Each structure stands twice: as C-alpha cells, then as structure tokens.
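Take a look at the structure below.
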2 protein chains.
Amino acid sequence: MDTAQKRLNDAFRTRTKAGRIRQQNEAKIIKAAEIEFAQNGYKGTSLNAVADRAQLPKSNILYYFKSKFGLYGAVLADILEMWNQAFSVASIDSDPAETLYRYIEAKVAYSYTHPLASRIFAMEIIQGAPHLEAFLAQDLKVWLDDRASVIQSWIDAGKMKAVNPHHLIFLIWGSTQHYADFSTQVCWALGKKEYDQQDFQDATATVAMIVLGGLGLTIPTENR
Amino acid sequence: MDTAQKRLNDAFRTRTKAGRIRQQNEAKIIKAAEIEFAQNGYKGTSLNAVADRAQLPKSNILYYFKSKFGLYGAVLADILEMWNQAFSVASIDSDPAETLYRYIEAKVAYSYTHPLASRIFAMEIIQGAPHLEAFLAQDLKVWLDDRASVIQSWIDAGKMKAVNPHHLIFLIWGSTQHYADFSTQVCWALGKKEYDQQDFQDATATVAMIVLGGLGLTIPTENR
DNA sequence: GTCTATAGATCGATAGAC
DNA sequence: GTCTATCGATCTATAGAC
C-alpha cells in the first residue's frame, strides 16, 4: 500500500544487498556506458549500443537502472566520486608553489587515468549541464569559492602576484583538462596514436613552469 | 547519361547561382543547426529539431544539404572558414611577446564572438573527430607544426624560456577555449547568467600575464 | 523549387514467459 | 531475477503531388 516506503526499501536493498551477478553486471554496464556517453553524448547514446558493448540484453539495463537517465546518473555519480577523492584535500596555510604544483600534477594525472570520466564531464558542461545542474551546481560553486579564497589570501599576504583567483583556476582547469578532452587533437599534433607517460610528464612540466613562473613562484625543488 | 558530370554541375550551380530564397533559408538552417549540434552533438541532433528551430519544413533541409551528414559538413565548413580568417596570420621574425599576446587576445575574442562554433569544434574533437578527421587532420597538423617551429626559433635565439612548443600551444588553446566551451561552469563560478566584456578582458589579462610571465616575456606596453 | 505523406529503421520503455 | 517479444514514438530519408 505504502508504495513510497516500498520504493525506498527497494532502493536501499538494491544499493546494499545486491547479488554477486547483479554487481558484476552493473559494473560491466557502467563501464560500457562510460565509453558510449563519452563518444556520443547523452542524447546520442542508445541503450542498444550500451547493451551490445556490455554483452548483456538491453532489458537488463532498464531493470537495473530504471531508465536511460538513471543509467546516466549512475555514471555521473561514479565520476564525481573519483573527482572528489582526487581533489578534496585543500590546505589553507600551505605554500602556494607546493600546493599549486601538486594540484596541477594531480589534475594531469587524473586526465591520464580517467580520460573517459573527464570527457563525459566536459561534454555535460559544454552542453550546458542540463542533467547535473540541480545536484552539482551548488557543490561545485562552494568548492570553487573556497579555493579562490585561499588563493586570494596568498595574494593578500604578498606570497604571489595578484590575479583574479577564479580565472587562475579556470586557466589551470582548461590547460590540464585539455589533455584528456582533446586527446585526439593533441595526438595528431604529436604524431602519436596514444599518449605515453613521457607526454604527461611534459604536460605537467610545461603547465607548472608557465603557471608558477607567471605567478612569480618557483617549482618545488624536488620536481625541478 | 554522365551522372558524375551532372552531379558536379549541380553542385557548382548550387554553390554559385543559388537563389535568394534558398540562400536565406540555408543561412537560417545553418544557424539553427549550429545551436542544435552544439547542444546535443552530431548523433544527438535530429533534423526535426533543426527544422523546428529554423521554422522550415524538414524536407527543405534534406533538399538543400542532401543528408544529415551534409548539413553537419556545411556547419563545420562555416566554422573552419571563420577559424582560418581569425588565426591565419603568422609572422616569422616578429616579437614573441607581441605575437603571443595578439594570439591570446584573438583566441579569447573568438570564444566571445563565436561560442557555438567553438563548442561544436570542441565536441567534435572530444568525440575523437569521427567526422572531420579526413578533411581537417592534415591542415591542422601543418598549421600547428608551422607555429611550433616559429616558437622553437624564438627559443633557439634566446628570446624566451625553453618549453615544448606544442605543449605551449595546447596550454594557450586549452585555457582560452575554456571560456567558450565551459561557459556554463565559468558563469556558475562567477555568479552570472552570461559573460560581459569585462569578464573577457579579465580572461585575456590573466592568461596573457601568466603565459607571458611564465615564458620570461613582458606584456606589450600599450596593453598593460 | 517546395512541401506533404510515408516508408523503413531504430529509439526508450513495458509486458509477460520462464 | 533474467530475457524475449513488442509497443508507440521518433528518427533519416525518399517518393511524389503541387
């Protein structure tokens, strides 16, 4: 009778007591969905294509995730979880050069280890964030403003040149994420089929040198 | 009988002697298609949506552009034409600071005046450039290598710090194009609905200061 | 040249057998 | 829980009236 309570119970059981087969299948589906969503966007992705790639019947997807939008939400949740794990640490009184270098390094590494996640996020934003607006806009803005205030405090303390903190963050985002989102373009230019570790070290070095240098900071000694 | 020749004639006549109404309609369709492609990608865009936005019957689109792919090609051609007009000038013996500043300025301005074009291009690349690969890969690589060799000559002449020229170009691309491609994100962060001119001046100033500063160059006096 | 009607394929989602 | 069959909507593209 109480269907709302029943649905909550179902959802909870689904999250916690999922069977072994179901968990394996869900993982296979999310992995396949990441590839398809990154390649074709939300509208451009068909459940048929995801099902084929996951080698599972299409109805299986809809049974697990209720709808196409539900599947997309699960993929985004996966991405945001990784995102938070990688960039949640933020020290207030730490050294600007050290902190910014670590951030650039982590950002480039993330582009290397999670190119699909990075690309899906990029496409979602380019399209105006029609799907994640409600549940991400606030978190993201809080995180950004927090970061910006730290940078501003460094500037006020005379530890680095004065720049618009938000624009500085965008510059770092743009130039690092570029390596994941525009890998096709970058690979053409470098005459390669795929990146290797050396390319990512070069990327980190170039971005760090220019950004830190431009701010009047020096790269931490152990990374020079 | 000679259908190949006939088709060539048709194509030529279409390009050159197009009627007034047809030209107007084609322009309306391309403008509508730009919005839809930027919002939903190639696969995610339907001719119905384009037709509705252009306020023209769907068959009209297929009559003018032969197919969905033909329409997309026309949109891309439009974008690349603007692109070339904006960035084709490249001087060999010019001043690095002056040249790089003008380039950053032009790139940010392009993001401001042609955000849709910039976004379509970005999505195409993110998706692996499945459509424009054949007819753009070569041109783009030639252009890039040419630019990189100029930067290398500046480095060899001791005019600026040594960096990987390709990565420097990517950094500029990434950080400037970011303002068009990720406008949603940037607007959230700045707490605005749309950019104004001041935001773009700030963007130009920040990117120029950091990039030129990081390379050991000074911003041209008239722009400080 | 322009537009309506519609074919043929594929979409997301559901019903029901097992 | 899993999978087949299928619905109704929507897609690209074409045929043919005007």
Side-chain angles (χ1 to χ4, degrees), chain A residues 3 6-7 9-30 32-33 35-37 39-76 130-131, chain B residues 3 6-7 9-30 32-33 35-37 39-76 130-131:
Chain A
T3 54
K6 193 161 161 296
R7 256 183 282 119
N9 287 342
D10 285 350
F12 186 73
R13 183 160 39 75
T14 298
R15 278 274 149 215
T16 53
K17 281 200 183 178
R20 218 186 72 259
I21 294 174
R22 183 185 183 127
Q23 267 189 328
Q24 283 179 355
N25 285 350
E26 281 188 3
K28 275 208 283 186
I29 291 167
I30 285 185
I35 298 174
E36 290 296 325
F37 281 131
Q39 215 159 77
N40 303 314
Y42 177 74
K43 268 203 179 180
T45 293
S46 75
L47 294 184
N48 273 322
V50 175
D52 286 352
R53 191 179 287 277
Q55 291 182 297
L56 285 165
K58 181 174 60 170
S59 305
N60 224 322
I61 299 175
L62 287 159
Y63 178 66
Y64 292 145
F65 299 98
K66 297 290 178 194
S67 69
K68 183 183 180 179
F69 185 78
L71 172 60
Y72 190 66
V75 171
L76 280 183
H131 305 103
Chain B
T3 54
K6 193 161 163 294
R7 256 182 283 119
N9 287 343
D10 285 350
F12 186 73
R13 182 161 39 75
T14 297
R15 280 272 150 216
T16 53
K17 283 200 180 179
R20 218 185 73 259
I21 294 174
R22 184 188 182 124
Q23 268 190 326
Q24 284 179 353
N25 284 351
E26 282 189 1
K28 275 208 282 185
I29 291 167
I30 285 185
I35 298 173
E36 290 296 325
F37 282 130
Q39 215 159 77
N40 303 314
Y42 178 73
K43 269 202 178 180
T45 293
S46 76
L47 294 184
N48 271 323
V50 175
D52 285 353
R53 191 178 287 277
Q55 290 182 296
L56 284 165
K58 180 174 59 170
S59 305
N60 225 321
I61 298 175
L62 287 159
Y63 178 67
Y64 291 146
F65 299 99
K66 297 291 179 195
S67 69
K68 183 183 181 179
F69 186 78
L71 172 62
Y72 191 65
V75 171
L76 281 183
H131 305 103

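So that the names make sense, note that chain A is the first sequence line, chain B the second, and so on, each numbered from 1. These numbers come from a predicted model, not from an experiment.
- Contact annotation for A:L47: backbone-only contact, meaning every heavy-atom pair under 4.0 Å involves sugar-phosphate atoms and none involves a base.
- Following rounding to the nearest Å, B:Q55 (CD) and C:dT2 (P) show an atom-to-atom distance of 17 Å.
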Set out, line by line, the N/O atom pairs under 3.5 Å between protein and nucleotides 4-7 of chain D.
residue : atom : partner : partner atom : Å
D:dT4   : O4   : A:S59   : OG           : 2.7

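- In this structure, A:E36 atom CD and C:dC11 atom P are separated by 11 Å, rounded to whole Å.
- At C:dG1, none of the side-chain N or O atoms of B:Y64 fall inside 4.0 Å of OP1 or OP2 (strictly under the cut-off).
- If you take NZ of B:K43 and P of D:dT12, they are 12 Å apart, rounded to a whole angstrom.
- Atom pair B:L62:CG and D:dA15:C1' shows a separation of 13 Å (rounding to whole Å applied).
- Between the C1' atom of D:dT12 and the OH atom of B:Y72 lies a distance of 17 Å, rounded to the nearest Å.
- Rounding to whole angstrom units, CG of residue B:N48 and P of D:dC11 are separated by 5 Å.
- In this structure, B:Y63 OH and B:N25 CG are separated by 11.5 Å, a value rounded to the nearest 0.5 Å.
- Atom CG in A:N40 sits roughly 15 Å away from atom C1' in D:dC11 (whole-Å rounding).
- When distances are taken from the side chain of A:S46 to each of C:dG12, C:dG1, C:dA13, the shortest belongs to C:dG12.
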Mind listing the side-chain donor-acceptor pairs of residues 66-75 of chain A below 3.5 Å, one per line with the distance, residues two or more places apart or on another chain?
residue : atom : partner : partner atom : Å
A:S67   : OG   : A:F69   : N            : 3.4
A:S67   : OG   : A:G70   : N            : 3.1
A:K68   : NZ   : A:Y42   : O            : 3.0
A:K68   : NZ   : A:T45   : O            : 2.8
A:Y72   : OH   : A:E124  : OE1          : 2.5

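- Rounded to whole Å, the distance from NZ on A:K68 to P on D:dA9 is 18 Å.
- Proximity note for B:Y63 (side chain, C-beta onward) versus D:dA13, C:dC11, C:dG1: the nearest is C:dG1.
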Please table the atom pairs, donor to acceptor, closer than 3.5 Å between any side-chain atom in residues 49-62 of chain A and protein atoms at least two apart or in another chain.
residue : atom : partner : partner atom : Å
A:R53   : NE   : A:E36   : OE2          : 2.9
A:R53   : NH2  : A:E36   : OE2          : 3.1
A:N60   : OD1  : A:Y64   : OH           : 3.2

